[in-house]
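Please read the structure below before turning to the comments.
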Amino acid sequence: MKKKKFLTMIFSLVFIIAVVVGGYFVLQSNSHTEEPQQATINNKDKKVTKITNKKKVVPKKSNVKIVAIGDSLTEGIGDSKSVGGGYVTRLKHKVHSKYDVKTTANNFGVSGNTSSQIIDRISFDQKIHKELPKADIITVTVGGNDFMHLLKKKGMDITEKDIATEQTAFDQRLGVLLADIRHYNADAPIYLVGIYNPFSIYLSNVKDAKEAFVKWGQGSQEVARSVNNTYYVDINELYQNKYVNKKAEKTGTNPYLSKDDHFHPNATGYDMMTNKIFSKVQNTTKEWLDK
């Protein structure tokens, strides 16, 4: 009886060992066969996230300040009283309307100023010293009075050589003027407005005048290119075209110039000038709106 119980215990123990050992090998076998399959499924189902460098969002300015420096064109001489302010007031309204930002403007235009006189004002005018560093947009009109002084000096005997000599001297003064502005504001874009030929009708007999204005503008453009963030705005052809010539034949006047002096733009003329300046401003928003 005891022997029988002993054998029963032995068989039970062997059975348990067999079950344990068998289970172990089954688990080992499954782990070797199923792991790669599971890995494959995981790799297949795993979502791939593309890593991209997010573009830095630069907040737009909520306030934009325009500082305008120059001569009678900046002051707005010739503009109608109902509008007033020349291109400066119009530019301020356009920037405000287009970009929905509060826009202010300081007009430092003085009628009759030559480049030398504007340089002096930039050097000594404390209001300019105060406002220039705050400017987001800077506009400059200069050169028309320099040319007029030469014309008054030489009269109808003015030659191409006279104009070329004066232009060389003017370009040097223009370089100084722009450098002085950069001294007070290193970053804001400067929009240099070129001069135009008001004599195409009234003084059409002035020799080489038409070509002189073109070359004068080209010289100013080269100077502008030498100063960082400075853009030349060519307005010479605005007031001299086929339409103007036809109107002049009938009326003897330029429809875009003031009837008071036949020299400065009228309200329509300032509209045209503003549009040309604003076009350049729009194309360079990275220089004044995004910074």
Side-chain angles (χ1 to χ4, degrees), residues 68-75 77-78 86-87 108-125 128 138-183 190-227 230-240 244 254 256-258 261-265 269 273 276-277:
I69 295 175
D71 50 28
S72 55
L73 293 183
T74 292
E75 186 176 343
I77 300 299
Y87 78 82
F108 294 109
V110 176
S111 180
N113 266 191
T114 63
S115 55
S116 297
Q117 291 170 316
I118 296 173
I119 290 171
D120 288 341
R121 284 200 292 123
I122 294 174
S123 298
F124 300 110
D125 192 324
I128 293 179
I138 301 170
T139 62
V140 178
T141 61
V142 61
N145 291 308
D146 294 73
F147 191 94
M148 282 295 294
H149 279 216
L150 175 64
L151 184 60
K152 289 178 180 178
K153 182 180 178 180
K154 297 292 183 178
M156 298 301 177
D157 296 326
I158 191 171
T159 65
E160 185 176 358
K161 183 178 180 181
D162 294 330
I163 298 172
T165 301
E166 175 58 26
Q167 180 189 334
T168 300
F170 170 77
D171 287 346
Q172 293 175 348
R173 295 192 297 271
L174 178 60
V176 172
L177 191 159
L178 295 177
D180 287 349
I181 291 175
R182 277 282 169 255
H183 173 73
I190 300 172
Y191 301 93
L192 174 64
V193 183
I195 65 174
Y196 62 94
N197 181 8
F199 310 126
S200 58
I201 295 173
Y202 314 112
L203 295 176
S204 58
N205 59 330
V206 175
K207 186 180 179 181
D208 302 320
K210 183 177 179 179
E211 183 65 22
F213 276 92
V214 173
K215 291 182 178 180
W216 194 288
Q218 291 172 344
S220 296
Q221 187 171 19
E222 287 300 314
V223 176
R225 286 173 179 166
S226 68
V227 181
T230 301
Y231 304 94
Y232 180 73
V233 183
D234 188 356
I235 63 169
N236 186 42
E237 294 184 356
L238 291 182
Y239 312 109
Q240 183 181 345
V244 170
N254 188 321
Y256 302 135
L257 300 184
S258 169
D261 59 18
H262 304 294
F263 182 84
H264 295 94
M273 182 188 297
K276 199 71 181 289
I277 298 171

Spacing of NZ belonging to Lys161 relative to CD1 belonging to Ile163, to within rounding of 0.5 Å: 13.5 Å

Spacing of Asn145 atom CG and Ser116 atom OG [to the nearest 0.5 Å]: 11.5 Å

Minimal non-hydrogen separation, Gly143 against Trp216, with atom names: O-CZ2, 4.0 Å

Student check: side-chain heavy atoms of Leu257 and Tyr196 closer than 4.5 Å: yes

Tyr256 vs Pro198 side-chain heavy atoms within contact, under 4.5 Å: no

Residue pairs fulfilling salt bridge (charged side-chain N to carboxylate O under 4.0 Å, His left out) with at least one residue in residues 165-181, sequence neighbours excluded: Asp146-Arg173, Glu166-Arg173

Under 3.5 Å: donor-acceptor pair, side chain of Thr141, backbone of Val193: no

Heavy-atom side-chain contact between Thr230 and Ile181 under 4.5 Å: no

Side chain to side chain, Gln218 and Tyr232, heavy atoms closer than 4.5 Å: no

4.5 Å side-chain heavy-atom contact, Phe263 and Ile77: no

Test of ring centre spacing under 6.0 Å for Phe213 and Phe147: yes

Any donor-acceptor pair under 3.5 Å from Glu222 side chain to Gly219 backbone: no

Residue pair Asn113 / Asp71: nearest heavy atoms and the distance that separates them: O-CB, 3.7 Å

Test side chain to side chain contact (heavy atoms under 4.5 Å, CB included) applied to Leu177 and Leu192, Ile190, Val223, Ile118, the passing residue: Ile118

Nearest non-hydrogen partners of Thr114 and Gln117, listed with the distance: N-OE1, 2.8 Å

Asn236 (side chain) donor-acceptor with Asn197 (main chain) under 3.5 angstrom: yes

Summary of ring-ring contact (aromatic ring centres under 6.0 Å, His included) pairs that have at least one residue in residues 149-168, sequence neighbours excluded: none

Results of salt bridge (charged side-chain N to carboxylate O under 4.0 Å, His left out) for Glu237 - residues two or more places apart only: none

Min side-chain heavy-atom separation Thr74-Ile69 under 4.5 Å: no

Considering all heavy atoms, the nearest Ile195-Gly144 contact: CG2-N, 3.2 Å

Short side-chain to backbone donor-acceptor contact, Arg121 and Phe108, under 3.5 Å: yes

Leu73 side chain reached by Pro265 side chain, heavy atoms, under 4.5 Å: yes

